[in-house]
> 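The structure is given below, and queries will be raised subsequently.
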Amino acid sequence: MFDDNLTDLLEARAADVLVGPPPLAEMHRVAARRRRSYGVALAAAAAVVVTVGAVAVWPDGSGSGRDDAPIASDSPTDPAAGDVPPPGFRWVGMGQAVVAVPKSWPLNATNCGTPATDTVVVDQGVVPLCMALYPAGVTSVEIRAKNNMEEVSSWTPIEVDGEAALRSTDQAPVDAEPKVYRASIYLPERDVMFAASSSVSQEAADEVLTRVAILDALVAVPGISEANYGGEQRKAGENYVRTLEEAGLTAEVVTERHRGGAGFVLGVSPTPGTVVEPGTVVTVTVAR
Amino acid sequence: MSRADPEFDEFVAARWPRLVRAAVLLGCGSHEAEDVTQTALTRCLVSWSRVQRADDRDAYVYRVLVNTFTDTRRRRWRGEQPTEHLPEVVTPDGTRDVIARDAVDRALAKLSADQRTAVVLRYYANLTEVQMAVALDVAPGTVKSRLSRALSTLAADPDLADHEGHACSTTT
């Protein structure tokens, strides 16, 4: 059989290759430096607003127009290649804090803010005021900042990819029919909460959190709610572009006539929570 | 030194030669293979907890190795210009081993990148098809079809056919 011989052929070919000892010290040195430098590099990255055809120019909020954004794919030691989600999963998150969710899970498939099916919830924005019960057989995870109601001081200290984190302890299931089991991980340095819920079982909620990670280079597209509702609405677009730039992303602003107030961010593409390479162009649609 | 370091060192010590040689079979020169393997393992070290959580560490590490190699080739396509004259070809020293080695290199070079990767992972790294599906993030059926097409191409390669028996006799 030919394939039986193929192993022998490859072994014989590979045996010719002289291999030195592994440069362990160098690997440790580079890894330590990289762990220290990523956050700094991303914070320093500034993006240049691109204009094409009818696309409007948005003022560069940073005022610097620096061109040293860490484009991961051009780096000789591209760290993005280590940011690989498990097969069949995709990253969704805030900043570089992410969770791997099944590719089949839609984003924000909610009804009045309550998951309607297996879903990942990020930057929901305004939630309609109505009551929706958590359906049976559903598991979900919400990624957001910690809200004022959450008391995390009694949570268990853990580490996520070497970073200090807190794990919820004994969150009682929501007493409804069906019961909703909960589990959360909070990253205090980033103010990112991963709140998993499941009407299947406690194990299902816990299992979602086993895939929380801190990425090395890739970054999530920021949410628009903070820009839209956290300050002056007429400056929402401008503020969002600044947020994108601070995340190391490039904004391309498109204006659209809209009956609402000018300046409001109507949408972004890729959608908030999507994990992309630094320098990726994000199209921001702003009301005029 | 962090808690992960001794475990990482042990992992690397056990796998370094095979990973470097796998990189050569993927298409690297011998020095480049050490660089690519070093870069891949450094990435693994940066996120060692992710490697620890992986269901199959070897499949995960080979996945990072293949991605690192692919990145290297992508940069080469973008950044390197072809030279007007090819460099002088090194004349084989005439031994049968060198000829056999060149035959394997030429045969592998005729495969597509995906097929070549599949062959190296299956027949050199000794990953199962399930592990390959994890390492390549493709369906098991895709692994089978890539291997099947690669084997057809290699089986029809006249250079390789001349050296099959020799390879077997040197290793059995």
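So you know, we letter chains A, B, ... as the sequences are listed, proteins then strands, and number each from 1.
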> Need one label for B:L147: side chain, backbone, both or neither, based on atoms under 4.5 Å from any heavy atom in chain A.
neither
> May I ask you to test the B:F8-A:M27 pair for a side-chain heavy-atom distance under 4.5 Å?
yes
> Enter the distance from B:R21:CZ to A:L18:CG here, rounded to the nearest 0.5 Å.
7.5 Å
> Within the structure provided, determine whether B:W48 and A:D161 are in side-chain contact (heavy-atom separation under 4.5 Å).
no
> Do the side chains of B:D105 and A:R13 get close enough for a salt bridge, i.e. N-O under 4.0 angstrom?
yes
> If every non-hydrogen atom of B:S30 is compared with every non-hydrogen atom of A:V17, which pair is closest and at what distance?
CB-CG1, 4.2 Å
> What are the two closest heavy atoms between B:Q38 and A:P23, and how far apart are they?
OE1-CG, 3.3 Å
> Which atom names give the shortest non-hydrogen contact between B:W16 and A:G20, and what distance separates them?
NE1-O, 2.8 Å
> State, with a plain yes or no, whether a side-chain heavy atom of B:R63 is found less than 4.5 Å away from one of A:P87.
yes
> Could you tell me the separation between the CG atom of A:L6 and the CG atom of B:L108, rounded to the nearest 0.5 Å?
7.5 Å
> Could you check B:T42 against A:H28 for side-chain contact (heavy atoms from CB on, under 4.5 Å), going step by step and ending with a plain yes or no?
CA-CA 7 Å; B:T42 302; A:H28 283 293; over 6 Å; no
> Test B:R43 against A:D216 for side-chain contact (heavy atoms from CB on, under 4.5 Å), laying out the working first.
CA-CA 9 Å; B:R43 289 169 177 166; A:D216 300 329; 5.6 Å; no
> Between A:P86, A:P21, A:A15, who has the most heavy-atom pairs with chain B when the cutoff is under 4.5 Å?
A:P21
> Rounded to the nearest 0.5 Å, what separates atom CG in B:N126 from atom OG1 in A:T7?
6.0 Å
> Using non-hydrogen atoms only, which part of B:R18 is less than 4.5 Å away from chain A: side chain, backbone, both, or neither?
side chain
> Using non-hydrogen atoms only, which part of B:V24 is less than 4.5 Å away from chain A: side chain, backbone, both, or neither?
side chain
> Which heavy-atom pair separates A:A31 from B:L45 by the least distance, and what is that distance?
CB-CD2, 3.5 Å
> Going by salt bridge (charged side-chain N to carboxylate O under 4.0 Å, His left out), name the residues that satisfy it together with B:D114, two or more places apart in sequence or in a different chain.
B:R146
> Among all residues two or more places apart in sequence or in another chain, which pass the salt bridge (charged side-chain N to carboxylate O under 4.0 Å, His left out) test with A:R211?
A:E207
> What are the two closest non-hydrogen atoms of B:V12 and A:P22, and how far apart are they?
CG1-CB, 3.6 Å
> Evaluate the side-chain proximity of A:L10 to B:V119: yes if any heavy-atom separation is below 4.5 Å, no if none is.
yes
> Can you say whether B:V138 sits under 4.5 Å from chain A via the side chain, the backbone, both, or neither, judging by heavy atoms?
neither
